[in-house]
There are 2 protein chains.
Amino acid sequence: MALNKRPTIRDVAAEAGVSKSLVSLVFSSETGVSQERRDKVMAAAKKLGFTPNLWARSLSSGSGDFVALIVADLHNPLFTEIADFTRKALLERGINTYMAAAVISERNGRKTLEPSTVSSVLDLRPKSIMIVGGLPDYKALKNVPASVPVIMATGIATQLPKAITVRSDDNEGMRLVVKHLKSLGHNRIAYIGPRDEAVSILREAAYERAMLDAGLAKSIRVEECDRTEAGGYSAAKLLLSTKEKPTAIVSFNDIIAIGAQDAVDQNLEAGGKKVALTGYDNVYIAALSKVSLTSVEQEKEAIAHKAAELLADLDLAEEFKGQEILLLPRLAVRDSTTTASAK
Amino acid sequence: MALNKRPTIRDVAAEAGVSKSLVSLVFSSETGVSQERRDKVMAAAKKLGFTPNLWARSLSSGSGDFVALIVADLHNPLFTEIADFTRKALLERGINTYMAAAVISERNGRKTLEPSTVSSVLDLRPKSIMIVGGLPDYKALKNVPASVPVIMATGIATQLPKAITVRSDDNEGMRLVVKHLKSLGHNRIAYIGPRDEAVSILREAAYERAMLDAGLAKSIRVEECDRTEAGGYSAAKLLLSTKEKPTAIVSFNDIIAIGAQDAVDQNLEAGGKKVALTGYDNVYIAALSKVSLTSVEQEKEAIAHKAAELLADLDLAEEFKGQEILLLPRLAVRDSTTTASAK
DNA sequence: TTGTAAGCGTTATCAA
DNA sequence: TTGATAACGCTTACAA
């Protein structure tokens with residue numbers, strides 16, 4: 001029933017009256033074919049609407065001429081934005097990208113990465129791989145051939161010693177946050193966030209270090225919560241119900257902060273003082289004027305560009321193998337820390 | 001350098017001491033192999049860590065055992081949520097999905113679909129295809145073999161006469177919106193939105209029809225804008241600066257409405273009356289308590305389920321070829337229409 | 001510069 | 001129930 005079968009190299013060869021290897025040559029190399037034949041082949045290809053099958057190509061050649069992008073979570077705008085920037089940067093270099101979403105399934109409460117996601121991408125034989133965000137596990141990526149560089153953007157994979165990590169410096173990010181809050185006169189600064197994987201643990205540690213450095217060690221108060229608005233809400237609610245209410249709350253990310261914002265607002269309505277609040281990631285929701293959340297911008301575009309550079313250049317990637325590339329974040333100051341009263 | 005080459009059917013065959021066709025049989029059919037050999041093959045496969053290469057498989061067999069999901073825009077939560085629901089529903093039926101993001105590039109101001117996205121997906125030979133959202137053009141999809149059903153979720157593709165459209169009824173959605181606003185006493189109800197493709201044009205028409213049916217024909221006032229917050233803001237600003245200010249503004253979608261919300265708030269602060277505002281899609285941002293936007297829920301989950309049903313069952317899809325499946329939307333009422341004053 | 005033939009990892013056909 | 005052998009769409013020695 002395949003009425004509309006795509007034409008193959010063979011069809012083109014027949015049409016042009018040449019061998020199929022010659023057609024292949026025309027499409028894979030700039031030189032080595034006489035102009036005359038080249039024109040004939042191109043004409044035939046155009047006539048039939050032929051485009052090479054990318055996958056048959058990479059099956060045959062052992063490696064495809066494209067980069068694979070695996071996005072950990074499509075609902076996290078931080079990830080999709082970085083993925084998009086990377087794709088754009090790669091496209092400018094004339095490199096095709098293939099973007100797939102990681103399939104994460106929840107078996108009895110534990111998240112696991114469906115290995116088929118990764119293995120099907122590997123079967124496509126990309127020349128390099130970028131993973132945006134943290135994955136629940138990295139088993140499936142152990143099978144990546146040594147010749148294929150793996151770039152982690154944002155996430156951390158200690159289990160992949162050869163991977164290159166491109167992320168922004170959380171220590172610096174938290175330093176910015178704490179410094180900003182301290183300069184506003186805050187003295188009791190709490191933290192809320194999850195402790196579910198490398199990034200969250202690192203970021204909490206970064207907060208603690210920043211507090212120490214700022215001489216605010218004693219005011220540390222941490223409340224663990226999950227990565228949802230609801231989680232942020234309850235954690236903040238809890239903190240605000242303690243006797244020693246914090247005057248500011250630092251959140252692991254924007255989603256959590258947005259949940260916490262409700263608790264902060266309720267506290268204000270109940271006659272409490274305005275509690276300052278910060279997020280992290282500077283996702284576009286944080287910038288909405290209704291939300292107006294002070295947040296740490298990880299410089300997504302810079303991360304994407306650095307990643308694209310490595311993905312495009314295998315030699316460069318080889319050089320950076322196993323390293324961590326840290327970029328400097330920047331603070332986006334908004335109403336959640338600067339306005340004295342609720343709107 | 002391919003140190004970690006994945007084992008192939010041949011390796012397994014050698015290890016198990018059988019022919020490679022037998023290994024293939026074991027992995028592709030439940031029956032037809034003696035239990036003894038089957039066990040031997042499975043043991044060898046497990047030992048070597050073999051999993052079949054999905055793409056070599058579909059290259060050889062002419063069609064892969066998976067469904068392709070093409071998401072028009074990763075930044076639109078409406079789309080990613082529907083895609084995720086669909087994937088989940090398909091996974092429950094034991095069907096693999098492959099999800100790819102459409103690459104839309106902007107050449108001198110005109111958006112076009114990078115045909116490579118679609119043709120690469122087609123080269124993978126999915127057994128059916130779902131497109132979530134509207135694409136700038138459908139040329140690349142003309143090549144889909146007649147045997148492969150195409151399901152459009154949310155979007156409309158008049159250029160694909162064989163495609164099945166699953167979407168919610170915009171006429172009903174707008175009827176709900178207008179009825180709701182009318183019941184609140186609104187008499188001047190304006191509309192803002194783009195007119196860039198089928199869905200937006202249809203929705204605007206649905207609004208006009210709903211207004212007519214409600215006997216509010218004379219109060220129709222439409223302002224065109226692009227699909228961004230900024231677009232919504234300026235359109236609303238414009239409407240509110242006219243002499244006959246609307247008392248309510250209906251937006252094409254939530255993003256636009258969120259932009260319009262700022263204009264509405266400013267109007268209020270400037271001493272104006274509270275203008276009611278509605279969105280469309282009921283994206284999760286609309287539900288944030290800071291935003292609290294009345295919106296039309298398209299029943300994403302129902303759309304996803306219907307789509308999954310069609311994607312999974314080729315015969316059923318054949319039956320519905322070229323048809324449009326309309327689901328009933330529902331109104332999510334929130335503060336943006338019910339609260340008399342700003343918070 | 002061009003063609004022939006083998007092979008990428010798999011399935012499918014057909015004998016054995 | 002099994003195993004050769006020829007595809008699938010392509011690349012790539014190797015020969016011509």
Side-chain angles (χ1 to χ4, degrees), chain A residues 2 5-41 44-45 48-66 119-127 143 145 147, chain B residues 2 5-41 45 48-66 96 119-120 122-127 143 145:
Chain A
K5 232 167 81 51
R6 300 244 325 253
T8 75
I9 202 177
R10 249 178 283 267
D11 302 319
V12 177
E15 175 76 24
V18 299
S19 77
K20 70 190 172 80
S21 6
L22 200 56
V23 178
S24 167
L25 260 184
V26 169
F27 278 92
S28 52
S29 161
E30 300 288 287
T31 63
V33 181
S34 65
Q35 193 58 43
E36 185 201 359
R37 305 273 188 156
R38 181 176 292 272
D39 292 344
K40 245 202 275 191
V41 168
L48 300 179
F50 168 83
T51 40
N53 183 325
L54 206 63
W55 318 120
R57 180 177 272 186
S58 55
L59 174 61
S60 171
S61 72
S63 164
D65 191 25
F66 71 98
S119 61
S120 31
V121 170
L122 288 182
D123 283 344
L124 253 21
R125 303 179 187 275
K127 62 182 225 177
N143 294 322
S147 54
Chain B
K5 234 169 80 49
R6 300 244 327 251
T8 75
I9 202 176
R10 250 178 282 266
D11 302 319
V12 177
E15 175 76 25
V18 300
S19 75
K20 71 191 172 79
S21 347
L22 199 57
V23 177
S24 169
L25 258 184
V26 169
F27 278 92
S28 51
S29 159
E30 300 287 289
T31 62
V33 182
S34 65
Q35 193 58 43
E36 186 201 0
R37 306 272 190 155
R38 181 176 290 273
D39 292 345
K40 246 202 273 192
V41 167
L48 299 178
F50 168 82
T51 40
N53 183 325
L54 206 62
W55 317 121
R57 181 177 271 184
S58 54
L59 174 61
S60 174
S61 72
S63 162
D65 190 26
F66 71 97
N96 273 324
S119 61
S120 337
L122 289 181
D123 283 344
L124 255 18
R125 302 177 185 277
K127 62 182 229 178
N143 293 322

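In what follows, chains carry the letters A, B, and so on, assigned in the order in which the sequence lines appear, proteins first and then strands, with residues in each chain numbered from 1.
Judged by closest nucleotide on DNA chain D, B/Arg37 is the one of B/Arg37 and A/Ser28 placed further toward the 5' end.
Candidate nucleotides D/dG9, D/dT2, C/dG9 were compared by shortest atom distance to the side chain of B/Val33, and D/dT2 ranks first. Among the nucleotides C/dG9, D/dT2, C/dG3, the one closest to any side-chain atom of B/Thr8 is C/dG9. Nearest nucleotide to the A/Ser19 side chain, out of C/dT4, C/dG7, C/dT10: C/dT4.
In this entry the distance linking CG of A/Leu122 with C1' of C/dC8 reads 16 Å, nearest Å. One interatomic measurement links the two molecules: CG of B/Leu59 to P of C/dT11, which rounds to 11 Å at whole-angstrom precision. Between A/Leu25 atom CG and C/dT4 atom P the separation is 14 Å, expressed in whole Å. One can place CZ of B/Arg10 at 15 Å from P of D/dG3, the figure rounded to the nearest angstrom. Atom P of nucleotide D/dT1 and atom CD of B/Gln35 are separated by 11 Å, given to the nearest angstrom. Taking atom CG on B/Asp39 and atom C1' on D/dT1, their separation rounds to 15 Å, with Å as the unit. Between the P atom of D/dT12 and the CG atom of A/Asp65 lies a distance of 11 Å, rounded to the nearest Å. The separation between A/Trp55 atom CH2 and D/dT11 atom P is 14 Å, rounded to whole Å.
Remark: B/Asp123 engages A/Arg6 in a salt bridge, criterion side-chain N to carboxylate O under 4.0 Å.
Judged by atom type and distance alone, A/Ser61 does not reach the base of D/dT11 through any side-chain donor-acceptor pair under 3.5 Å. Judged by distance alone, with hydrogens and angles left aside, A/Lys20 brings a side-chain donor or acceptor within reach of the base of D/dT11, the pair sitting under 3.5 Å. Side-chain atoms of A/Arg6 and base atoms of D/dG9 include no donor and acceptor less than 3.5 Å apart. With hydrogens and angles left out, the side chain of B/Ser21 and the base of C/dT11 share no donor-acceptor pair within 3.5 Å.
In this structure the side chain of B/Ile9 never reaches within 4.5 angstrom of the side chain of B/Phe27, judged on heavy atoms.
In this structure, A/Ser34 reaches the sugar-phosphate backbone alone: every heavy-atom distance under 4.0 Å involves primed, P, OP1 or OP2 atoms, never a base. If you check every strand for non-hydrogen atoms under 4.0 Å, A/Arg125 touches sugar and phosphate atoms only. Heavy atoms of A/Leu22 sit under 4.0 angstrom from primed sugar atoms or phosphate atoms, though from no base atom.
Taking NZ from A/Lys40 and CG from A/Leu22, the interatomic distance works out to 9.5 Å, rounded to the nearest 0.5 Å.
The nearest pair of heavy atoms linking B/Val12 to B/Ala45 is CG1-N, 4.0 Å.
Remark: the backbone N or O of B/Ser120 is paired with a side-chain donor or acceptor of A/Trp55 at under 3.5 angstrom.
For B/Ser24 and C/dT11, the shortest distance from a side-chain N or O to OP1 or OP2 is below 4.0 Å.
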